[in-house]
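Report on the following structure.
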Amino acid sequence: MASINDDFYENLAGFTDFHAFSQIGRYTPLPPDWLVVITDVVDSTRAIQDGRYKDINALGVASIVAVLNAAKPLNIPYIFGGDGATFCIPPSQQEPVASALRAARDMAAGQFGLALRVGMVPMQVLEASGHTVRVSKYRPYATYQQAMFAGSGIAYAEALVKGQSPNNPFLVPESELHTEGDFSGFECRWNEIASPHEEIITLLVQCLETEEASEQAVYQEISGHITQIYGNEGRHHPLRENRLALSLSPKNLSAEIKIRTAGQSGWQRWLYAFKLPFRVLLGRLFMGLRLKTRAGNWGRYKQMLVANTDYRKFDDVLRMVISGTAAQRQQLREVLGQLHQDGKIAFGLHAAPTALITCIISDYGNHHVHFLDGANGGYALAAQEMKNQKRHLAGKQTVA
């Protein structure tokens with residue numbers, strides 16, 4: 001049954017200048033009857049060490065696809081975190097989303113041999129513990145929007161879902177009813193994208209200031225340093241149209257085949273795998289000839305892909321994928337390191353020669369979203385460094 005708050009996110013005005021992300025006044029409290037949904041691949045660091053970073057990314061995006069398809073036509077806020085995702089949903093979507101999460105969890109185990117942790121935390125639980133979740137919408141173009149989250153509630157919800165209790169009440173329970181997930185729209189067809197400069201960095205920064213004005217000032221300072229070191233968006237954006245290339249590698253296409261054919265017969269899996277290279281070739285042809293079809297303007301598709309990429313976002317942690325040089329990275333690390341030494345921030349930074357991209361396609365015209373991460377572990381390994389820094393600071397405070 002629909003709730004009067006179902007259109008909460010749809011009705012948010014949002015903002016067009018990314019640098020406004022730190023202005024808490026632009027965020028609206030999540031309705032008190034909503035839930036925070038968390039997905040993440042268990043022990044993703046070890047899987048990355050085994051060279052499975054593409055599988056980790058694919059499962060994170062697959063969980064997004066499953067949830068968005070279950071919630072259609074409702075527009076819900078979410079954010080991709082590399083090895084999982086965060087969503088906020090109204091109570092009317094609790095059952096269909098839980099079913100989609102079970103299907104994603106089963107798919108991860110059956111197709112990839114990996115454990116996908118999925119959980120839900122009611123806002124009442126977060127508020128009772130003194131945590132808040134505020135939501136806004138970054139909308140730089142008419143064809144693209146990115147949810148933004150502020151407040152400590154997202155991190156606390158993640159901690160509750162990851163709790164080691166044998167009967168964790170926030171994990172989505174098993175069901176006797178078998179459900180098939182809807183993963184339509186998931187695509188993973190692009191080669192890794194080489195940096196336009198020397199490297200791709202994946203950056204996480206969390207301000208540790210407790211006062212709102214101080215927090216805003218710190219994030220504004222960091223934004224200024226990034227622009228000063230790396231240049232404006234046109235300079236540090238990690239993607240360029242001329243570096244985007246569709247892949248025919250069976251290894252690169254395998255994740256899409258596994259996800260899109262989960263639960264299907266062997267014949268259906270074979271047929272999808274057989275057709276996929278031809279679809280890739282058609283994509284190359286249509287883009288190369290700059291054709292216009294009923295599906296979309298293929299001459300503009302790469303341009304739209306670059307515009308519709310989530311290379312920067314905020315969920316109480318600033319997350320960015322940036323192109324630059326090793327010297328620029330060292331300069332940024334020195335600046336952030338000083339802020340960390342001052343106890344103002346914790347951060348994680350991972351460098352790789354390429355980025356990888358995973359997509360959700362509603363249609364090939366305007367409605368497609370592209371999720372970006374640094375190769376070789378990107379967000380997941382940057383998050384590990386940030387967690388280590390926070391533990392180090394907590395230890396220093398304990399000793400003091």
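Just so it is clear, the values below take in all heavy atoms, side chains as well, and ignore hydrogens, waters and symmetry mates. For reference, positions follow the sequence shown, starting with 1.
Judged by distance alone, with hydrogens and angles left aside, the side-chain atoms of Arg134 form a donor-acceptor pair with the main-chain N or O of Tyr27 at under 3.5 Å. Distance alone, capped at 3.5 Å, is enough to place a donor-acceptor pair between the Asp363 side chain and the His367 backbone. Panel note: side chain Asp373, backbone Gly82; no donor-acceptor pair is recorded below 3.5 Å. Judged by distance alone, the side chain of Arg105 and the main-chain N or O of Arg117 form no donor-acceptor pair under 3.5 Å. A side-chain donor-acceptor contact under 3.5 Å links Asp310 to the backbone of Leu372. A donor-acceptor pair under 3.5 Å links the side-chain atoms of Asn168 to the main chain of Leu160, judged by distance alone. A donor-acceptor contact shorter than 3.5 Å is absent between the side chain of Glu127 and the backbone of Gln124. Formation of a donor-acceptor pair under 3.5 Å by the Asn232 side chain with backbone atoms of Arg235 is found in this model. A distance-only check finds a donor-acceptor pair linking the side chain of His340 to the backbone of Ile345 [under 3.5 Å]. Between the side chain of Gln164 and the backbone N or O of Lys162, at least one donor-acceptor pair lies under 3.5 Å.
With contacts defined as side-chain heavy-atom distances shorter than 4.5 Å, the pair His197/Ser323 qualifies. A 4.5 Å side-chain heavy-atom check between Leu35 and Ile89 finds at least one atom pair inside the cut-off. Proximity of Met386 to Val317: side-chain heavy atoms (C-beta onward) are separated by under 4.5 Å at one or more points. Residues Val121 and Ile38 fail the side-chain proximity criterion, which asks for heavy atoms closer than 4.5 Å. Arg284 has its side chain within reach of Leu248: a pair of non-hydrogen atoms, C-beta onward, lies under 4.5 Å apart. Contact annotation: the side chain of Phe149 never approaches that of Phe314 to less than 4.5 Å [non-hydrogen atoms, C-beta and beyond]. Between His350 and Glu385, every side-chain heavy-atom pair lies at or beyond the 4.5 Å cut-off. Side chains of Asn308 and Val369 form no contact here, defined as non-hydrogen atoms less than 4.5 Å apart.
Rounding to the nearest 0.5 Å places CD of Glu256 at 6.5 Å from CZ of Phe186. Rounding to the nearest 0.5 Å places OH of Tyr272 at 9.5 Å from CG of Leu253. Residue Met287 holds its CE atom at 10.5 Å from CG of Leu282, rounded to the nearest 0.5 Å. Put simply, CG on Leu208 and CG on Leu339 are 10.5 Å apart, with the number rounded to the nearest 0.5 Å. We find the CD1-CG distance between Ile322 and Leu332 to be 6.5 Å, quoted to the nearest 0.5 Å. The line from OG of Ser152 to CD of Gln206 is 9.5 Å long, rounded to the nearest 0.5 Å.
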Got a list of side-chain donor-acceptor pairs under 3.5 Å for residues 294-307, not counting sequence neighbours?
| residue | atom | partner | partner atom | Å |
| --- | --- | --- | --- | --- |
| Asn297 | OD1 | Gly299 | N | 3.1 |
| Trp298 | NE1 | Thr293 | OG1 | 3.1 |
| Lys302 | NZ | Leu244 | O | 2.9 |

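Within the cation-pi definition used here (under 6.0 Å to the ring centroid, within 45° of the axis), Lys137 qualifies as a partner of Tyr9.
Linking ILVMFWY residues whenever their side-chain heavy atoms come closer than 4.5 Å, directly or via other members, leaves Phe21 and Ile79 in distinct clusters. Cluster membership for Leu59 and Val42, using ILVMFWY side-chain heavy atoms within less than 4.5 angstrom, is not shared. Using a 4.5 Å cut-off between side-chain heavy atoms of Ile, Leu, Val, Met, Phe, Trp and Tyr, with links allowed through other members, Met120 and Leu171 fall into different hydrophobic clusters. Both Val65 and Tyr144 are members of a single hydrophobic cluster when ILVMFWY side chains are connected at heavy-atom separations under 4.5 Å. Grouping the Ile, Leu, Val, Met, Phe, Trp and Tyr side chains by contacts below 4.5 angstrom, directly or via other members, places Phe170 apart from Val37.
A donor and an acceptor atom, one from each side chain of Arg391 and Asn388, are located under 3.5 Å apart. Counting only N and O atoms by type, the side chains of Thr358 and Asn57 include no donor and acceptor under 3.5 Å apart. In summary, the side chains of Lys54 and Asn252 do present a donor paired with an acceptor at a separation below 3.5 Å, with no hydrogens or angles considered. No side-chain donor from either of Tyr311 and Arg319 sits under 3.5 Å from a side-chain acceptor of the other. For Gln264 and Thr261, the side-chain atoms include no donor-acceptor pair closer than 3.5 Å. There is a side-chain donor-acceptor pair under 3.5 Å between Ser184 and Asp182. Checked by atom type, the side-chain pair Glu198/Thr325 shows no donor-acceptor distance below 3.5 Å. For the residue pair Gln23 and Arg26, a side-chain donor N or O sits within less than 3.5 Å of a side-chain acceptor on the partner. Using modelled atom types and a 3.5 Å distance limit, the side chains of Lys72 and Asn69 yield a donor-acceptor pair.
The two atoms that bring Ile360 and Leu68 nearest to each other are CD1-CD1, 4.2 Å, heavy atoms only. Heavy-atom minimum distance, Met148 versus Tyr138: CE-CB, 3.5 Å. The two residues Pro196 and Pro238 make their nearest non-hydrogen contact at CD-O, 3.6 Å. Between Val133 and Cys88, the shortest heavy-atom distance links the atoms CG1-SG, 4.3 Å. The two residues Ala85 and Gly60 make their nearest non-hydrogen contact at CB-O, 4.3 Å. Summarising the geometry of Tyr219 relative to Cys207, their closest heavy-atom pair is OH-N, 2.9 Å, with the distance given to 0.1 Å.
Remark: Arg260 does not engage Glu187 in a salt bridge, criterion side-chain N to carboxylate O under 4.0 Å. A salt bridge is absent between Arg102 and Glu174: the closest approach of a Lys/Arg side-chain nitrogen to an acidic carboxylate oxygen does not fall below 4.0 angstrom. Salt-bridge check for Lys344 with Glu209: failed, with every basic side-chain N at 4.0 Å or more from each acidic carboxylate O.
For residues 239-253, no pair satisfies salt bridge (Lys or Arg N to Asp or Glu O under 4.0 Å), with sequence neighbours left out. Residue pairs meeting the ring-ring contact (aromatic ring centres under 6.0 Å, His included) criterion with at least one partner in residues 65-120, sequence neighbours excluded, are Phe80-Phe371.
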